[in-house]
Amino acid sequence: MVPQVLFQNRKPDRITTLAEYQAGGGYSALSQVLTRQDPKGLQTLIDEALLLGRGGAAFPMGRKLATVADDAPHPRYLVCNADEMEPGTFKDRVLIHADPHQLIEGMLLAAYAIGADKGLIFIRPEYEGAARILEREIGLAREAGFLGANILGSGVAFDMVVHRSGGRYICGEATAQLNALEGKRPNPRKPPPYPTEKGLWGMPTVTQNVETLCCLPHIVNNGADWFKSLALTSGAAGTKIYQISGKVNRPGCYELPMGIKLSRIIEEYAGGMPAGSTFKACLPGGASTRFMTKDHYDIEMDIDTLRNAGHRLGTAAIMVFDDKTCLVAATVNLITFFARESCGWCTPCREGLPYILDILQRIENGQGQERHIGMLESMARHLWKAYCAFAPGAASPLESLLTYFGDEVRAHITEKKCPFGGREAT
Amino acid sequence: MSIPETLKTEWKCRIQQSDHPRELVVDVLLAIQGQIGYVDDQALREAADWLQVDPLEIEEIATFYTFIYREPVGRYVIHLCDSVICWLGGYDALRNHLCRKLGIALGGTTADGLFTLLPVCCIGYCDRSPAMLINGKVYGPLTEETLDRILSELRVAASDKEL
């Protein structure tokens, strides 16, 4: 059994209560920092632990916290991004349902590190159950003195609310999320100024993902070296909640050491592939990451290893495709998603994605021509000119399809049909 | 359909207490929708009036979000996930089955006003794919047989409520 840190209190059918969380050492990290550590010291600890953002961008949390100036104005905001709309991703939901106070304590620690006055948990409408759990448990934490005007008698004030989204993928983008929180149409904002200087309502704002925040109590309790020792690969740190779905026998969320091999996740934890299926490809971290092939089957799944191989760990939402699945059709599905979810604010994204979708559909339907491949390649490059990271994300599966599975794309063109017999998957 | 006075009073009070009333726009729209089923033109103007925001701005927010309905919907709104993992798990066949069973196309509402079928992107239940949401409740993994059972259960539940 590998060490369970974020899932140490996970139960099959219910949340961990406040009493249970406290019995396991919960909120001891909070009282420890309130009495013995200044905010700068906490920032340094987080930095030394090499905690990288778990929401997809892998930005070092310590560095982000340090960009809030010491004399920055108040109120300062901490936003917890629980939007989790990246296809294939469902770890934040599982984390909230497993142990809501772990997140609340994590937010308290992050808030202390930047002197935040108010926390907002931005959550998608599909997770209404999680939103209700959080509202109830925030109330209990407040009654217990962990939130409010004078936390545990320390004089530190912080409180938090749950903010419900109306549901749209772009709201997961940090600056679009700020507009959503302000009740505006959630288009992304173009920095500078960066949100840590002028974010929500023009005030300093730090946004962190649910899983990243959940790591904090454990780092405070056990130290930076311990956190780094959890990973299997040098330079990596912590555990990771890997989500695995698609053509595997046991789809689900597994907390495993950062850097575990892809093959082990699939075979040991996800129960291998269904009988008669063999591994063809996977998206390692959501719809906006690049396809990985059989050549990557034994890759160590950490942020740096994937980056060095030209890939992104993203949210570590591993979606497995077998040899019977047409990857052109799969990419049609992915681009359909991106074209529909584009906020429409900038031209490369709004116009480029439907253009790509049209060409890909022609290829899938057997009406493709050789010249279409070059058109797709050049349009994928144009997507990088978009306003935010949405469109470059959308380009990732397309570009990697053309790079690694060019023969499969060409077979559609030369055979004038889908070699897999059409779009429908089974 | 008109908005109940109690709802109006409750939200006007919450808006008054908020430092940034505008942040409540989605909450207001969802609350109205919860009462009258969807956000009609009158409700949209009403929300704009409560929040002191231009109705056009409310419109661009209301039409932006997946879970705010600007057109009438059935009693049960089926959001069938069509993202890649559910597609891999047989979305196309399930959608065809639902359309056939309900006698509607994607986006349509049954003549008895009971069901609306809408597409939705990944709902974050890939461990239970293929999956769908009906009025906030998750169902999955789905087969044609489980779909039939769910539809008949909801039909029974709806007729029970009417009795």
Side-chain angles (χ1 to χ4, degrees), chain A residues 75 84-90 92-94 120 124-129 163-171 180-186 200-201 243-247 250-253 283 286-287 317 319-322 325 329-331 333-334 336-337 340-341 343-344 397 423-426, chain B residues 18-31 33 39 47 51 53 57-69 79 81-96 119-133 135-138 140-141:
Chain A
E84 187 159 72
M85 287 194 64
E86 185 66 37
T89 310
F90 48 96
D92 298 342
R93 164 175 63 82
V94 174
L120 302 100
R124 62 183 305 192
E126 292 88 339
Y127 291 179
E128 179 58 25
H163 184 105
R164 287 168 170 79
S165 170
R168 201 67 194 266
Y169 177 69
I170 193 63
C171 294
L181 284 165
E182 291 183 6
K184 294 181 189 148
R185 190 182 196 272
L200 188 63
W201 308 111
Q243 312 114 91
I244 185 159
S245 63
K247 295 291 182 184
R250 286 198 302 269
C253 257
L283 290 163
M319 299 188 266
V320 178
F321 301 92
D322 67 355
T325 301
T331 309
N333 177 284
L334 294 163
T336 303
F337 162 80
R340 196 170 72 199
E341 288 299 315
C343 82
R423 261 200 73 184
E424 289 195 13
T426 51
Chain B
S18 173
D19 293 337
H20 304 284
R22 203 182 161 132
E23 70 186 354
L24 297 169
V25 57
V26 168
D27 296 305
V28 167
L29 292 172
L30 289 175
Q33 184 170 283
V39 179
L51 291 156
V53 174
E57 285 186 71
I58 305 282
E59 174 78 325
E60 71 171 4
I61 289 162
T63 54
F64 190 80
Y65 286 114
T66 306
F67 285 87
I68 294 172
Y69 313 127
H79 282 276
C81 176
D82 62 9
S83 287
V84 68
I85 294 301
C86 289
W87 168 80
L88 201 56
Y91 161 81
D92 288 296
L94 292 173
R95 180 205 53 215
N96 292 344
V120 69
C121 66
C122 184
I123 55 173
Y125 283 88
C126 312
D127 48 347
R128 290 171 62 182
S129 80
M132 67 179 176
L133 278 175
N135 293 11
K137 187 172 184 258
V138 181

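The chains referred to below are lettered A, B, ... by the order of the sequence lines, with proteins before strands, and numbering in each begins at 1.
For the set Cys86(B), Pro130(B), Cys122(B), the entry with the most heavy-atom pairs within less than 4.5 Å of chain A is Cys122(B). Between chain B and the options Gly252(A), Pro186(A), Gly344(A), the largest number of non-hydrogen pairs under 4.5 Å is found for Pro186(A). Note: Ile61(B) leads Val26(B), Ile61(B), Val138(B) in heavy-atom pairs under 4.5 Å with chain A. Most heavy-atom pairs under 4.5 Å with chain B: of the set Arg124(A), His163(A), Glu341(A), Glu86(A), this distinction falls to Arg124(A). Residue with the most contacts toward chain B among Ala330(A), Pro251(A), Gly167(A): Gly167(A) (heavy-atom pairs, distance under 4.5 Å).
Across all non-hydrogen atoms, the minimal contact from Leu88(B) to Val320(A) is CD2-O, 3.5 Å. Across Lys184(A) and Tyr65(B), no two heavy atoms sit closer than the pair O-OH, 4.5 Å. For the pair Arg340(A) and Pro119(B), the tightest heavy-atom approach, listed with the atom from each and the gap, is NH1-CB, 3.8 Å. The shortest non-hydrogen separation linking Phe90(A) to Gly124(B) is CB-O, 3.1 Å.
Screening Val84(B), Asp127(B), Ile85(B) against Ser245(A) for a side chain to side chain contact (heavy atoms under 4.5 Å, CB included) leaves a single residue, Ile85(B).
For Ile123(B), the parts lying under 4.5 angstrom from a heavy atom of chain A are both the backbone and the side chain. For a residue to count as touching a neighbouring chain, one of its non-hydrogen atoms must lie under 4.5 Å from one of that chain's; by this rule Ser165(A) touches chain B with backbone and side chain alike. Using a 4.5 Å cut-off between heavy atoms, Pro87(A) contacts chain B through both its backbone and its side chain. Using a 4.5 Å cut-off between heavy atoms, Ile244(A) makes no contact with chain B at all. In this structure, no portion of Ala287(A) lies under 4.5 Å from any heavy atom of chain B. Heavy atoms closer than 4.5 Å to chain A are found nowhere in Val53(B), neither backbone nor side chain. Contact of Tyr169(A) with chain B is not made at all, since no heavy-atom distance falls under 4.5 Å. In this structure, chain B has heavy atoms under 4.5 Å from both the backbone and the side chain of Cys343(A).
Rounded to the nearest 0.5 angstrom, Thr336(A) OG1 and Trp87(B) CH2 are separated by 10.5 Å. Interatomic distance, CZ of Arg185(A) versus OG1 of Thr63(B), reported as 7.0 Å (0.5 Å rounding). Here the CD1-CZ distance, from Ile68(B) to Arg168(A), works out to 11.5 Å after rounding to the nearest 0.5 Å. Expressed to the nearest 0.5 Å, how far CZ of Phe337(A) lies from OG of Ser83(B) amounts to 5.5 Å. Expressed to the nearest 0.5 Å, how far CD of Glu128(A) lies from CG of Asn135(B) amounts to 12.5 Å.
Relative to the six-membered ring of Tyr125(B), Arg93(A) meets both conditions, a distance below 6.0 Å and an angle of at most 45° to the axis.
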Query - Derivation and outcome, side chain to side chain contact (heavy atoms under 4.5 Å, CB included), residues Leu181(A) and Glu23(B) - result: CA-CA 6 Å; Leu181(A) 284 165; Glu23(B) 70 186 354; over 6 Å; no
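Asn333(A) places a side-chain N or O within donor-acceptor distance of the main-chain N or O of Asp82(B), the cut-off being under 3.5 Å.
Side-chain contact between Cys126(B) and Gln243(A): absent, with no pair of heavy atoms (C-beta onward) separated by less than 4.5 Å.
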